[in-house]
Amino acid sequence: MEKYFYQDFNRSTYHQQLANGLNVVLMPMPGFNKTYAMMTTNFGSIDNCFVPYSGQEPIHVPDGVAHFLEHKLFEKKDYDAFDLFGKLGADSNAFTSFTQTSYLFSTTSHLHENIDILLDFVQQPYFTAQTVQKEQGIIGQEIQMYDDDPNWRLYLGMLGNLYPHDPMHIDIAGTVESISKITPEILMENYRTFYQPSNMTLLLVGNLDPEETIKWVVANQEKKDFAPQEKPDRRFKLNDPTGKDVIPFRSLTMNVNRPKVMVGIRGLKSFDDGRARLKYKLAVDLLLDVLLDDTSDNYLRLYDEGVIDDSFSYNLDMQRAFYFAYFSTNTDQTEKFADEVMRILEDADQQVDQAAARFEGVKRGELGRLIGLLDSPEEIGNRYAGRLFDGANVMDEVRIMRAITLDDLKAAAADFINPDGMSVYQIMPQHQ
């Protein structure tokens, strides 16, 4: 087992790849009572075209399969994994994103038993026509519920503008029509392809003994038979890597009291190195804070003018193969909001120079927030992006953040901000 010691935090991380290919990462937190575990497969909603396990030709599967699998793995022939965790006092959950599916629990006791439950229910699929049909109804209602959520529609609408011909513009859960085509055979084909141990990572953070924990995991895995490992042959690639397919503007009418508007910007820079990708992400995060956090001149001016209110937010979302930033608010001045945000972004170089005096303060604030996350096993675990950032964790982020300079922000602005990659999506009230 590989050990890496972070002297400045007096903490260690451990990594071991098991004989079956499963990556195990352990982060003990001395003095903590809780342990957080997360088992992740490198498989999300955009992976809808791939060569199936032991196959030769690529296939397309219905939208929503990754999320459907997440739901179905908890349910077995004669039990539900949620109940097993509950009997041991553990809190369990799962989520699916565009590029990953994760199963998790947190507990303060019975760690060994809970690890076995997690490994067993994820690695023992059980699908029948009857249970798949039942789940189609449940997930169908979930999809319809999100269709009524204006904030989700705003976000998904923006993705449709930024990636109009890529699977990101489709709801992670799919559509009512697409999930109606899912069968037990399709689920199993996806499972065999993407739930191979070599495509998965087990992460444990908190109260644990690394030597004892890895023995439990190895013992569990050695009891099971696994098929020969094959690296998933996914065929996802951006329809237009140049971003020329970005739709500049779209609008939707819904039953909302106030208009909602979002400005999005699509990133085009590609990365071969995960640590370089992480440094770039942290630099863009800082750039956005310098330009628009709630202590910036831009924020205060727009707030005083009534262009934005407390609903204003922004974020950079970076995942495998794509990334973008978005800025949103509720406002009666949707056009002015869009114009102001785009002008601020286009003038980022000058804006950063003008805000140079604030840079160190903003950076210290972000460092404080990152260091504060070190007190939470859940935050450490959820922030672990695995292969996207070459296994970097929050402690690595702190180190990289400390080294970022004002020049890094200017370089990030030059790479990231492209007027042709900007777009606006708005939701207007039905009565207007």
Side-chain angles (χ1 to χ4, degrees), residues 1-16 23-40 85 88-95 97 100 102-112 114-115 118 201-214 216-217 274-275 278-279 281-286 288-289 293-295 313-318 360-386 388-404:
M1 189 161 52
E2 299 172 2
K3 176 182 177 181
Y4 187 83
F5 179 61
Y6 291 83
Q7 188 170 14
D8 37 353
F9 300 101
N10 194 29
R11 288 191 188 175
S12 299
T13 62
Y14 299 80
H15 170 253
Q16 182 167 331
N23 281 288
V24 182
V25 179
L26 306 175
M27 299 183 191
M29 297 172 64
F32 282 72
N33 293 316
K34 183 187 291 182
T35 310
Y36 183 69
M38 184 161 66
M39 190 161 186
T40 297
F85 284 119
L88 294 176
D91 185 23
S92 60
N93 210 335
F95 65 88
S97 74
Q100 75 176 67
S102 294
Y103 304 85
L104 51 97
F105 73 79
S106 59
T107 187
T108 56
S109 63
H110 304 290
L111 179 59
H112 185 179
N114 283 308
I115 290 173
L118 177 66
T201 299
L202 174 64
L203 172 72
L204 286 125
V205 189
N207 180 20
L208 61 91
D209 178 282
E211 298 297 336
E212 182 180 49
T213 303
I214 196 68
W216 294 340
V217 176
R275 297 300 172 110
L278 178 57
K279 180 180 179 181
K281 178 186 184 304
L282 294 175
V284 175
D285 281 337
L286 268 182
L288 301 186
D289 287 342
D293 79 1
D294 59 9
T295 65
S313 66
Y314 59 89
N315 190 40
L316 173 68
D317 193 342
M318 181 173 271
E360 288 299 332
V362 171
K363 180 175 158 181
R364 282 195 297 272
E366 184 62 19
L367 278 169
R369 194 179 69 80
L370 284 174
I371 292 170
L373 299 180
L374 291 171
D375 286 337
S376 169
E378 289 92 341
E379 293 287 355
I380 294 172
N382 290 337
R383 204 171 172 88
Y384 183 79
L388 182 64
F389 299 136
D390 287 347
N393 58 54
V394 175
M395 291 179 282
D396 296 305
E397 288 190 58
V398 172
R399 287 180 170 180
I400 295 171
M401 178 70 80
R402 283 173 174 160
I404 290 178

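Atom CG of Leu282 sits about 5.0 Å away from atom CD1 of Ile404, to the nearest 0.5 Å. To the nearest 0.5 Å, atoms CZ (Arg402) and CD (Glu366) are separated by 13.0 Å. How far CG of Leu367 is from CG of Leu286: 8.0 Å, rounded to the nearest 0.5 Å. Interatomic distance, Glu360 CD to Arg364 CZ, rounded to the nearest 0.5 Å: 6.0 Å. Rounded to the nearest 0.5 angstrom, Thr40 OG1 and Phe95 CZ are separated by 6.0 Å.
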Under the criterion side-chain contact (heavy atoms from CB on, under 4.5 Å), I'd like the reasoning laid out for Met27 against Tyr384: C-alpha separation, chi angles, the key distance, then a yes or no. CA-CA 11 Å; Met27 299 183 191; Tyr384 183 79; 3.9 Å; yes
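In this model, a donor atom of one side chain and an acceptor atom of the other lie less than 3.5 Å apart for Asp289 and Tyr314.
Identified under the salt bridge (Lys or Arg N to Asp or Glu O under 4.0 Å) test for residues 204-213, with sequence neighbours left out: none. Sequence neighbours left out, the pairs with a member in residues 23-35 that pass side-chain hydrogen bond (donor to acceptor under 3.5 Å, both in side chains) are His15-Asn23, Lys34-Glu378.
Under the 3.5 Å distance criterion, the side-chain polar atoms of Arg383 are left unmatched by any main-chain donor or acceptor of Leu373.
A heavy-atom distance below 4.5 Å is not found between the side chains of Val284 and Met318. The shortest side-chain heavy-atom distance between Tyr14 and Thr213 does not fall under the 4.5 Å cut-off.
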